[in-house]
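None of these values were measured; they are calculated from a predicted model. Every chain is numbered from 1 and lettered A, B, ... according to where its sequence line falls, protein lines coming before strand lines.
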Amino acid sequence: MSDKLAVSEVTLPSVRSRRRLLHPRTLWAYLFVSPAIVALLLFTIGPILFTLWVSVHNWNLIEPISQMPFVGLENYRYLLTKDAIFQRALRNTFVFAVCGVGANTVLGLLGALLLNTRLRARVFWRTLFFLPIVTAPLALGMMWAVLLNKNYGLINNLLGLGGLPTQPFLSSPKQALACIIGVAVYQYVGYYIIIYLAGLQGIPQEYYDAAAVDGASSWQSFRHVTLPLLRPVLLFIAVTNTIGALQVFDIVFAATTGLAGETSGGGPANSTMVVALHMYNTAFKFFRMGRATAMAVILFVIIFVITLIQLRLLRERT
Amino acid sequence: MRKQTLLVLLELVAMLLAACGPAATPEVVEVTKIVEKEKEVVVTPTPAPVKLVVLTHWGEESVLKPMQARFDEYMKLHPNVTIEYQTVTFDQLLIKITTARAAGISPDVYHFYNLWMPEFVKGGMLAVPPEEVVADIRANYGAGSIQAVTYAGQIWGYPTEVNTYQLIYNKKILEEAGYDKPPETWDELKEMACKISQVDASGTVTRAGFLVIPGWDSGVVHPFLSLLWSNGGEYLDAEGTKALFDSSEGLETLQLYMDMLEDKCTDPAISWGDFPNSKGGMVIMANWWRATLKDTFQDGYENVGVAPIPVGPSGKSTATLQYNWLFGVDNGSKYRDEAWKLVEWLNTPAKAGEASPIGDFLTSALGAIPSRLSDQKALADRYDAFLQAFVDSAAVARPEPVVPGGQEVKTTLQTKIESAWYGQKSPGQALADAAEESNRILEEKR
Amino acid sequence: MARRQLTSTAIAGTVLKYLILVLAGAWMLLPFFWMFSASLMTSQEVTRLPPPLLPAQLQWHNYIDVSRAVPLVRAYLNSLLVTILTVIGILFTSSLCGFAFAKYQFPGRDILFMLVLASMMIPFFVTLIPVFYIVKQLGWLNNYAGLILPGVVSAYGIFLMRQFILDIPNEFIDAARIDGASEFRIYWQIIIPLSTPALATLGSFNFVGTWNAFLWPLLVAQSRELYTVPLALNSLRTYGMEAQFHHLQMAGTAISVIPAMLVFVALQRYFVKGIALTGLKG
């Protein structure tokens, strides 16, 4: 090692970099990264550029790309001003993401606090809460659609047993979105619990001891020790899960399509239509690729902005 | 070292699997056989193996099996033909056909809704039928059915089921409310619906006098059009380039729904699926629903009544909507001739006076009405009172307009009508928006 | 250490805690319980009003009926094949690429890594349509290549492995180099064994994610023989227009849910560690 260093100290920079380039190790490095980089270019970077390009054209997937008519920002204009379904989908998707993530943030924290206490068989409880996460969202959507069926669903049955009136659930434009949010909360609450638990267990006991010495009540130590130290974790998962939530598809697809006669899904009066589903319909039912890709771009911009906000907020904290 | 070879082997396996897939093409094998026939020696070539993929939306068990039986029969008659029968639900059918086309792996034969014909034809997806098929269709089908499968001056396939809409009602519920006849005018419809409706203490409708069918474009638009036409209104102009449903007659039609909604005589939360459970009194639906009603109608199938569409204040006589399905062949099919032979076999009777396989299937398993005239004659005894009423309605049935963009216009109209039902827009605004959007689509797709 | 006092509040607190846990646990289990129960009912029982909680008789034959209605066995094999190959691909490419980024200097390294970071930020469905088109042009539609290959590289995996491998002490690598080991040898015999925790985490997450993937296979797999388990389940969903097939649908769902559950129970530790890793590293 030392002799190599001596040599490089003496050589000129140009020689050094040339040597580095031709060094067999460097070639190995390029070999190691090339398959992955090629795949990323082909399946991720390339496509996003392609998406941007198609979004300013009209294309029906069948005719060759070279013949696509250029339409400028027409697709965007249409989506933002005239496509009532898209506007509804955008709103629903936002409500879904904000409510779902919000509910899970609170519930997850509560769950983690509970599991962080003296508890028997913690692993058992942890497994229980984690079960829905490893289940296919499609399967969960199916299971809950049957449970929430207004005529013979178990939930209405239980409500009836308790003397409460039965609810239309997925048949009602007012309740349908709440039901879908409920399914998503159900699926991911375990995920939040695990993260908070790990975060909670990372807080040194000394901080709590110091607070106790200062005479703080458990609520005060929660507010001034736990919450601030959990904040970066909280922020991180809230934001990453918002990004995931904005792309929701499987649950809505399972719960609102394929029923007798339903053609596009999205629930009564499009009350559960989400952007991903509308994009799927626009692209593969009406073959308006230009409009569908424009939808994707709009949502991507939103996600990008949220990511930037997250980075800003995280940096402020550390 | 062993691990390395294992990895390399795995990669090879992956590549091999990538190369093979279910899209393997059959090899053409020609074999000559020598057959002794009396004292002659005849050389007959065994036909090459043919694989046909057929796609329909008849995926439910009750209709899947009978159709599969027909294909099994054909395969017995033609041992060189293998038929792979695929089904998806109706709401996935259009996506499936078009995505398969985009993917380059279309089914050879598909059964599709005639509203999709313009887009299919413009996309070059449909194969032109051979002359004998066209001649057979012209000779053996009614004018309405022929028109329903013609686009751009060309017949594109065999018309199969023809469906119309009528007012289907629960005789028992109507009698209990004191009515021995179904409504004939809109005022009567409203009156009866409101009398039948039951509302509980919290104001929720527990039994709807009239049922709507939300969430489904045909479910919303077809009854709406039937009522519109019975009110003297128009849907599109004759060339199919302009929307005409935002007229006063159209507004009256939508207002009919709104009035019933306001008086709690109908409620979108109670839909057509609740009709067999006696949660609704009347609904405008099509004849293919017969199979379900026979199996599941709680008050007994004999209590299902069928009546013409009630006439509106601005209308003179009852009218209804008719739509057709057809069997067509994909333009990119490798076995076009064989595919047309299969389609022809399905749609023609083996012997004169008999029903064709599809006619038999439609009337027995589905409760649909076949389009072939000889089928209608041969199967007339299958028409119970329910089906007969629909058959009779053909006289006043107008075909759904088959124009480019027709499917999208329909979905637009559905969404806007629903937005009025759910109180998100006023009826006038909903129809005006729908008309504006439809005109855009029709203009663009022309 | 102060002895924990058995005050009445402490007892009440414990009781309350377990009560909440039991209720929450019941809520978690409810759909699964119903699914298994309904999968063993007859179709009349499932749609009866009011619906029963347990079947009168266990209709085990539902599980056989369901495999006849949709090609579940084939779907299982397809899912296994696709998932295993995808996961192997992800583990291999992520660790190799992560190793290169972590332990090598080469011109353009930082730019390429920025590329990886940028890819991490691009959500899947934004690239859906172009990838569909590219896959179609490559002729990979409706075969295994299209199901596996687009998913075989994960930017997130590369990132994760790089972070992990960064922490591996250089001495190991230098010692191996002095012994004359080739670069691939170093990767295979030093890096891989030392990264097993990260690999296990990455592998278990991607196993479940690929097994449950729906939208992409929905577009790629046009023929029944190619269906993965979620697709078979989806086709089952629409097998009957009315509710009379819910019992079969629940049986199908039960069958499809089991492998992911088993993998999870077996690899629980790595799931939890992985989530904690992501959450805390930010």
Side-chain angles (χ1 to χ4, degrees), chain A residues 21 25-26 28-30 32-33 35-37 39-40 43-45 47-48 50-51 114 117 125 127-129 131-132 134-136 138-139 142-144 146-147 151-152 154 157 160 191 194-195 198-199 202 232-233 236-237 243 247 249-250 258 260 276 279 283 289 292-293 296 300 303 307 314, chain C residues 17 20-21 25 28 31-32 34-35 47-51 93 96-97 99-100 104-107 112 115-116 119 121-127 129-131 134 150 152-153 155 158 183 208 212 214-215 230 233-234 237-238 241 246 249 253 256-257 260-261 264-265 268 272 275-276 279-280 282:
Chain A
L21 192 59
R25 239 186 282 157
T26 317
W28 275 106
Y30 282 124
F32 286 169
V33 299
I37 296 293
L40 283 181
F43 292 119
T44 312
I45 305 285
I48 183 121
F50 192 17
T51 292
L114 240 125
T117 58
W125 292 108
T127 315
L128 210 60
F129 285 111
L131 218 50
V134 295
T135 314
L138 183 81
M142 279 171 67
M143 279 153 53
W144 277 99
V146 177
L147 282 172
N151 288 330
Y152 47 79
L154 189 63
N157 188 19
Y191 186 82
I194 303 275
I195 296 202
V233 176
F236 174 78
I237 34 168
I243 294 174
Q247 300 178 59
F249 180 84
D250 295 12
M279 192 180 97
M289 294 296 156
T293 46
F300 174 56
I303 291 179
T307 313
L314 265 184
Chain C
K17 181 172 71 184
I20 296 179
L21 276 176
M28 284 288 126
F32 291 96
W34 169 250
M35 175 185 73
T47 56
R48 198 192 306 158
L49 288 165
T93 55
L96 207 54
C97 205
F99 175 44
Y104 287 80
Q105 312 267 48
F106 50 94
L112 287 179
L115 206 76
V116 173
S119 305
M121 291 212 318
I122 297 178
F124 159 67
F125 80 98
V126 173
T127 59
I129 294 170
V131 175
I134 291 173
V152 110
V153 170
I158 298 175
E183 301 305 307
V208 172
N212 292 337
F214 178 61
L215 181 50
L233 199 57
N234 185 45
R237 205 162 57 87
T238 46
M241 196 176 229
H246 276 316
Q249 288 171 19
T253 317
S256 72
V257 158
M261 276 167 61
F264 169 66
V265 170
Q268 241 203 86
V272 175
I275 294 185
L280 297 179

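- Interface remark: of the candidates C:A155, C:S256, C:A100, C:P150, C:P150 forms the most heavy-atom pairs closer than 4.5 Å to chain A.
- Proximity to chain A is limited to the side chain of C:I134, based on heavy atoms less than 4.5 angstrom apart.
- Residues C:P31 and A:W144 approach most closely at CG-CZ2, 3.4 Å, considering heavy atoms.
- Counting only heavy atoms from C-beta outward, the side chains of A:I45 and C:T127 never approach each other to under 4.5 Å.
- Here C:E183 contributes atom CD and A:T26 contributes atom OG1; the two are 9.5 Å apart, rounded to the nearest 0.5 Å.
- Residues C:V152 and A:P35 are not in side-chain contact: their nearest non-hydrogen atoms beyond the backbone lie 4.5 Å or more apart.
- Rounded to the nearest 0.5 angstrom, A:M142 CE and C:L233 CG are separated by 4.0 Å.
- Of the atoms belonging to C:I129, it is side-chain heavy atoms, and not backbone ones, that fall under 4.5 Å from chain A.
- Rounding to the nearest 0.5 angstrom, the gap separating the CG atom in C:N212 from the CG atom in A:L138 is 9.0 Å.
- Annotation: the span from A:L114 atom CG to C:I20 atom CD1 amounts to 5.5 Å, rounded to 0.5 Å.
- Counting heavy atoms from C-beta on, the side chains of C:F32 and A:T135 come closer than 4.5 Å.
- Interface remark: C:L21 contributes backbone and side-chain atoms alike to the contact with chain A (heavy atom separation under 4.5 Å).
- With a 4.5 Å cut-off on non-hydrogen atoms, C:V126 touches chain A through its backbone and its side chain both.
- In terms of heavy-atom proximity, C:M28 sits nearest to A:F129 at CG-CD2, 3.6 Å.
- Scanning both residues, A:A139 and C:T253, for their nearest heavy atoms gives CB-CG2, 3.5 Å.
- Smallest separation of non-hydrogen atoms from A:F50 and C:P130: CD2-CB, 3.2 Å.
- The line from CG of A:L40 to CG of C:L112 is 10.0 Å long, rounded to the nearest 0.5 Å.
- Contact of A:I48 with chain C is made through backbone and side chain together, with heavy-atom distances under 4.5 Å.
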Check the pair C:V116, A:I37 against side-chain contact (heavy atoms from CB on, under 4.5 Å), reporting the backbone distance first and the verdict last. CA-CA 8 Å; C:V116 173; A:I37 296 293; 4.2 Å; yes

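- Only the side chain of C:F99 has a heavy atom closer than 4.5 Å to any heavy atom of chain A.
- Top candidate by heavy-atom pairs under 4.5 Å with chain C, chosen from A:A283, A:A136, A:A39, A:P132, is A:A136.
- Most heavy-atom pairs under 4.5 Å with chain A: of the set C:I158, C:V257, C:L96, C:T93, this distinction falls to C:L96.
- To the nearest 0.5 Å, atoms CZ (A:F249) and CZ (C:F125) are separated by 11.0 Å.
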